[in-house]
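As structure tokens, the structure follows; a few thoughts come after it.
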There are 2 protein chains.
Amino acid sequence: MTNVTTAAADSTPPGDGDAAPDSSGPTAAQPGTSAAGRPRRARGEQTRQLILETALRLFRERGYAETTMRAVAKEAGVAVGNAYYYFDSKEHLIQGFYDRNQAAHRIKAEPVLATEKEFAARLRGVLHAGIDVNEPYHSFAATFFKTAAEPSSPLSPFSAESSPARSAAITIFQEVVDGSSAKLDPELRRELPELLWLGWMGIVLFWVYDSSPGQRRTRRLIDGAVPLIDRLVSLSRLRVLRPALRQILALIASVRSNGE
Amino acid sequence: MTNVTTAAADSTPPGDGDAAPDSSGPTAAQPGTSAAGRPRRARGEQTRQLILETALRLFRERGYAETTMRAVAKEAGVAVGNAYYYFDSKEHLIQGFYDRNQAAHRIKAEPVLATEKEFAARLRGVLHAGIDVNEPYHSFAATFFKTAAEPSSPLSPFSAESSPARSAAITIFQEVVDGSSAKLDPELRRELPELLWLGWMGIVLFWVYDSSPGQRRTRRLIDGAVPLIDRLVSLSRLRVLRPALRQILALIASVRSNGE
DNA sequence: GACCGTAGTTGAACACGTTCAGAAAGGTGC
DNA sequence: GCACCTTTCTGAACGTGTTCAACTACGGTC
């Protein structure tokens, strides 16, 4: 059958993501996935990659909505049902895109984090790197975003399923803060990575909606917002602003607690 | 073209809701009640309202995804195609929900705006009113949000089609600012309504994702954020913050210009 | 080799959103 | 009454995402 000569793994990033999708659905567990280890057979893994590659290629070529599952299956040389054996839904194919770009962002941000010392420069570099990585997918990312926006969707950046990818992303901003020479309020320092990630989500949101040529407005937003954040972060140690800062941190803590 | 707005008396006079007493049969259209000749389009408008009412009811009862167009049509006693005669798509039915809640928000906010004078109290009242109005639809609003999140969708709060609804919403915050006793930087005063609306969008986003019982976290977010905003707005006249404020306003202006 | 269990695979079938060619319904001018 | 038009309405039909019972391939056991 589908002789897949290509070496397995292809360009598969090390992370591989996909932490046990296991849809907690009504019926029994998914075949092939075992809790801890990954006893997936080589053959299956190969097919899985083939389907994912094909799907992402078609998404890029035709767009998400215009790519049918039948087309993906046909192009990959398998039956429709086979795609559903490996991916719970069409949306789940997007998770591959998600993970891949996450890894690419990290890689692209690495040089900046290694060389720059100033907070503003580090942040700016990381943000632009993120846009760089996503740029080729702008038109398709809009649809992707639509899908991810549903809170109940496992693709939501806030969902439990995305938790690994989310912490990975936050880690980048952790490094932005940790490696920087900026002096700031210790409590703020603790919260800052997550806040920056939240800001990043906002920028992505803006970017998705940005229809200016080359998404220049998003670039301008970054260039304008970074010195601003830098300034505000510096001001955080100012006496007049102390109470306000405390207030913000208290609000975050309060809102975060799911309970009473 | 599609222009679905029909500002006509959307407020749903209680009696009207209808039920069309004789409508046991599917067709049964009541002819023009000889005496009081209705205006020409009356019949169509009636059907339109009937379909919208039915759809929103079913959305509330079963959820958006679980409500099929066939079910809406059957429940309303019309053919599927008829629903598509009045609404371009299933998503467009949501626009009715959108407009209605917009109006309800305004009405609910009215008393607060009429009595309160302090900025913080006005803002807090308006925000809570907005949540109050949307509360019954929380579970369904999640799906609604997913749909609206697609930038190309006419339902997006940033789309051209939503422009009227958007300005209506911004107007509310305009009143929050205008009627308040707060003293603030004149330039900021000019921009504040739109910024507050943007903040409101953020709160709605948070609310959509808020799975705490009764969405208490969103309430807490409002209660915590309002005094914070109030304080920051007051501080806007402080000398140290002047440059930062100017920077923010310049950034907004820069990002806003779509062009070069 | 024969048997069996499971990973892998198939494609018809289902329910859905949407479309479309046309049938009613109702008005207007003669 | 009749012809003609627009508005309103119909339901079969299309393409889609998704499901499912059944089939195949293959590794292990006796």
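Keep in mind the model is a prediction, meaning the values are calculated, not measured. As a basis for the values below, the full set of heavy atoms in this structure was taken, side chains included, without hydrogen atoms, waters or symmetry mates.
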Please enumerate all residues that pass side-chain hydrogen bond (donor to acceptor under 3.5 Å, both in side chains) together with [X], with sequence neighbours excluded.
X	value
A/Glu135	A/Arg219
B/Arg62	none
B/Thr54	none

Atom [atom1] of [X] and atom [atom2] of [N]: how far apart are they, to the nearest Å?
X	N	atom1	atom2	result
B/Tyr86	C/dT18	OH	P	18 Å
A/Phe87	C/dG8	CZ	P	13 Å
B/Glu45	D/dT7	CD	C1'	13 Å

| request: Could you tell me which non-hydrogen atom of B/Phe87 sits nearest to which non-hydrogen atom of B/His92, and how far apart they are? | output: CD2-O, 4.1 Å

Pairs: protein N or O with nucleotides 13-19 of chain D N or O, under 3.5 Å:
from: D/dG17; atom 1: OP1; to: A/Thr67; atom 2: O; distance (Å): 3.4
from: D/dG17; atom 1: OP1; to: A/Lys90; atom 2: NZ; distance (Å): 2.9
from: D/dG17; atom 1: OP2; to: A/Met69; atom 2: N; distance (Å): 3.0
from: D/dG17; atom 1: N7; to: A/Arg70; atom 2: NH1; distance (Å): 2.8
from: D/dG17; atom 1: O6; to: A/Arg70; atom 2: NH2; distance (Å): 2.7
from: D/dT18; atom 1: OP2; to: A/Tyr84; atom 2: OH; distance (Å): 2.7
from: D/dT18; atom 1: OP2; to: A/Lys90; atom 2: N; distance (Å): 2.8
from: D/dT18; atom 1: O5'; to: A/Tyr84; atom 2: OH; distance (Å): 3.3

| query | Under a 4.0 Å N-O cut-off, is there an ion pair linking B/Glu53 with B/Arg48? | reply | no

| said: Check B/Arg106 with B/Glu175, please: is the shortest side-chain N to carboxylate O separation under 4.0 Å? | reply: yes

| Near-strand residues of residues 54-63 of chain A, defined as heavy-atom separation under 4.0 angstrom from DNA chain D | none

| said: Measuring from the side chain of A/Tyr85 (C-beta onward, heavy atoms only), which nucleotide among C/dG8, D/dT10, C/dG11 has the closest atom? | reply: C/dG8

| Reckon B/Thr47 has a side-chain N or O less than 4.0 Å from the OP1 or OP2 of D/dT8? | no

| said: Is the phosphate of D/dT8 approached by B/Asn82 (side-chain N or O, under 4.0 Å from OP1 or OP2)? | reply: no

| field | Side-chain heavy-atom pair A/Arg217, A/Trp207 within 4.5 angstrom cut-off | value | no

| field | side chain to side chain contact (heavy atoms under 4.5 Å, CB included) partners of B/Phe97, counting only residues at least two apart | value | B/Leu56, B/Ile94, B/Asn101, B/Asn134, B/Tyr137, B/Phe140, B/Phe144

